[in-house]
Amino acid sequence: MPELPEVETIARGLRKGALGECLTGVEVRHRGVLIGSAEEFASQLQNQRLVAVRRKGKVLAVELRTSNGGVPRYLVVRLGMTGQFTVVPRHAPVEPHTHVRLLLGGGKNELRFRDIRRFGRLRCCTREELEAVLRELGPDAQEMTEEQFLGAMRGRRGAIKSWLMNQRLLAGLGNIYADEALFAAGIHPLAQPRRISRQAASRLFKAVRKVLDRAVRLGGTTFSDYLNAEGRPGAFLAKLRVYQRTGEACRRCRQAIRRIVIAGRSCHFCPRCQPRPRNVASMRGPRN
DNA sequence: GCAAGCCTGACC
DNA sequence: GGTCAGGCTTGC
């Protein structure tokens, strides 16, 4: 699933493989993945040059300018669950679920948005509209300071796992890295943010940073669908400690990894390395 | 039936 | 305001 490390990897790939190119053609094959009309989308992208690639949390924003300068436009990409945004040779076979093709002026390549589950969205917008989108997000998880992190936890109820995945509070974590960061910090996913000690919260802050930095270095995690901008998978899968390892031995203590459901999301943890806090009711529900 | 990001809407 | 269930979507 594209979370911060995957989106960052794609951003780097786009800077390498598409920056400076001009969009000379737009083909919308499935308009359901667009926000706004397909006609406007196509006409606004046509003849724009890719001048910068930005990222905040899981949101990717490609800055575009026409050759005579003028007002910038932004192609905003949210990859959802199975989205892929790749630079491929123009004549490569078009795979199923390819929803948008953007021809690059160089002639050799094109940008393709492919998304099996169609949770992803593309949008072309103004700087003001982009800023409104980014304002909805909390600080980027890699840029957030420890003070901001601790402050955002203050008084919060509910599960720390849900808190970590709330994009309005901190931007970038999804299910994989939330589970991995909680394991690295030795914190139970159902612990309440407001009851976590300062010491444990500080440990969690450092764990989030460490897990994300490491995943970025390895190009992200490919479970089933994720590919970077060059169409290649990430290597962090082999480093996962808990995510999708239900029943397997904890790599630290050999205890079996457990799975529970929190706010409708599966959650994986080690019951020994992440002991249950006193205030959390005993676990029930699915075990596999 | 399960995976999961994100949006909507219900509830306290 | 915060918190969370439900729905969207398709392949395994």
Side-chain angles (χ1 to χ4, degrees), chain A residues 1-8 10 29-36 55-61 76-85 95-100 113-123 132-138 140-141 151-182 189-196 212 215 220-227 234 236-237 240 242-247 257-268 279-281 284-288:
Chain A
M1 320 321 132
E3 304 178 29
L4 186 152
E6 290 76 25
V7 180
E8 175 62 24
I10 290 172
R29 300 160 57 90
H30 190 116
R31 55 179 61 212
V33 302
L34 302 182
I35 294 173
R55 178 195 64 74
K56 182 178 184 188
K58 307 177 197 177
V59 173
L60 190 68
V76 178
V77 182
R78 285 180 188 258
L79 291 162
M81 185 179 169
T82 55
Q84 300 171 353
F85 199 57
E95 307 214 76
H97 311 294
T98 300
H99 305 311
V100 177
F113 177 68
R114 178 170 183 255
D115 185 6
I116 294 168
R117 290 186 199 164
R118 298 210 305 268
F119 282 15
R121 289 291 179 269
L122 298 189
R123 173 181 183 190
V133 168
L134 300 184
R135 259 199 310 275
E136 297 298 310
L137 301 174
D140 183 83
M153 274 177 69
R154 212 158 289 144
R156 291 284 170 163
R157 298 159 181 274
I160 184 67
K161 168 72 186 281
S162 305
W163 182 87
L164 279 173
M165 289 175 64
N166 185 339
Q167 304 299 303
R168 307 174 80 97
L169 299 173
L170 82 164
L173 295 205
N175 219 17
I176 296 176
Y177 300 110
D179 279 0
E180 293 298 317
L182 286 170
L190 285 173
Q192 288 193 42
R194 59 179 184 151
R195 300 206 179 163
I196 290 175
L212 292 177
T221 303
T222 296
F223 229 91
S224 52
D225 301 287
Y226 166 72
L227 298 175
F236 196 74
L237 181 69
L240 296 179
V242 285
Y243 183 76
Q244 288 287 346
R245 294 192 65 244
T246 309
I257 299 302
R258 285 194 55 187
R259 174 184 177 274
I260 58 175
V261 174
I262 299 175
R265 294 288 168 263
S266 69
C267 178
H268 314 79
N279 57 310
V280 169
R284 291 184 296 111
R287 274 186 196 230
N288 65 326

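Chain letters run A, B, ... following the sequence lines, proteins first and then strands; every chain starts at 1.
Rounded to whole Å, the distance from CG on A:N166 to C1' on C:dC4 is 11 Å. If you take NE2 of A:H268 and P of B:dA3, they are 7 Å apart, rounded to a whole angstrom. For the pair A:I260 CD1 and B:dA3 P, the interatomic distance rounds to 13 Å; values are reported in whole Å. Separating the CH2 atom of A:W163 from the C1' atom of C:dG2 is a distance of 15 Å, rounded to the nearest angstrom. Between the P atom of B:dA3 and the CZ atom of A:R245 lies a distance of 17 Å, rounded to the nearest Å. As a whole-Å value, the separation of A:L4 CG from B:dC6 P is 12 Å. C:dC4 atom C1' lies 14 Å from atom CZ of A:R168, rounded to whole Å. When the P atom of C:dG2 is taken as reference, atom CD of A:Q167 falls 16 Å away, rounded to whole Å.
In this view, A:H97 satisfies the ring-ring contact (aromatic ring centres under 6.0 Å, His included) rule with no residue, not counting sequence neighbours. The ring-ring contact (aromatic ring centres under 6.0 Å, His included) test applied to A:F113 returns no partner, not counting sequence neighbours. In terms of the side chain to side chain contact (heavy atoms under 4.5 Å, CB included) criterion, residue partners of A:R29 (sequence neighbours excluded) are, by chain and number, A:E27, A:V94, A:T98, A:R101.
Under a 4.0 Å N-O distance rule, the pair A:E136/A:R168 qualifies as a salt bridge.
Distance CD/A:E3 to CG/A:N175: 7.0 Å, rounded to 0.5 Å. Here the NE2-CG distance, from A:H268 to A:L240, works out to 10.0 Å after rounding to the nearest 0.5 Å. A:R194 contributes atom CZ, which lies 12.5 Å from atom CD1 of A:I160 (distance to the nearest 0.5 angstrom).
Picking from C:dC4, B:dC6, B:dG5 the nucleotide with the shortest atom distance to the side chain of A:N175 gives B:dG5. Here the nucleotide nearest the side chain of A:S162, chosen from B:dC6, C:dC4, B:dG5, is C:dC4. When the nucleotides B:dA3, B:dC6, B:dG5 are ranked by their closest atom to the side chain of A:Q244, B:dA3 comes out on top.
Put simply, A:R121 has no side-chain N or O that comes within less than 4.0 Å of OP1 or OP2 on B:dG5. For the pair A:R156 and C:dG2, the criterion of a side-chain N or O lying under 4.0 Å from OP1 or OP2 is met.
Nucleic acid contact class of A:S266 (heavy atoms, under 4.0 Å, all strands): sugar-phosphate only.
In this structure, A:F236 has its ring center at least 6.0 angstrom away from the ring center of A:Y226.
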Heavy-atom protein contacts under 4.0 Å, nucleotides 5-12 of chain C, coded B base, S sugar-phosphate only, - none: S-BBBBS-
Produce the list of close N/O pairs, under 3.5 Å, pairing protein atoms with atoms of nucleotides 8-12 of chain B; give distances to one decimal.
none

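Sorted by first and then second residue, the salt bridge (charged side-chain N to carboxylate O under 4.0 Å, His left out) pairs involving residues 153-165 of chain A (not counting sequence neighbours) are A:K161-A:D179.
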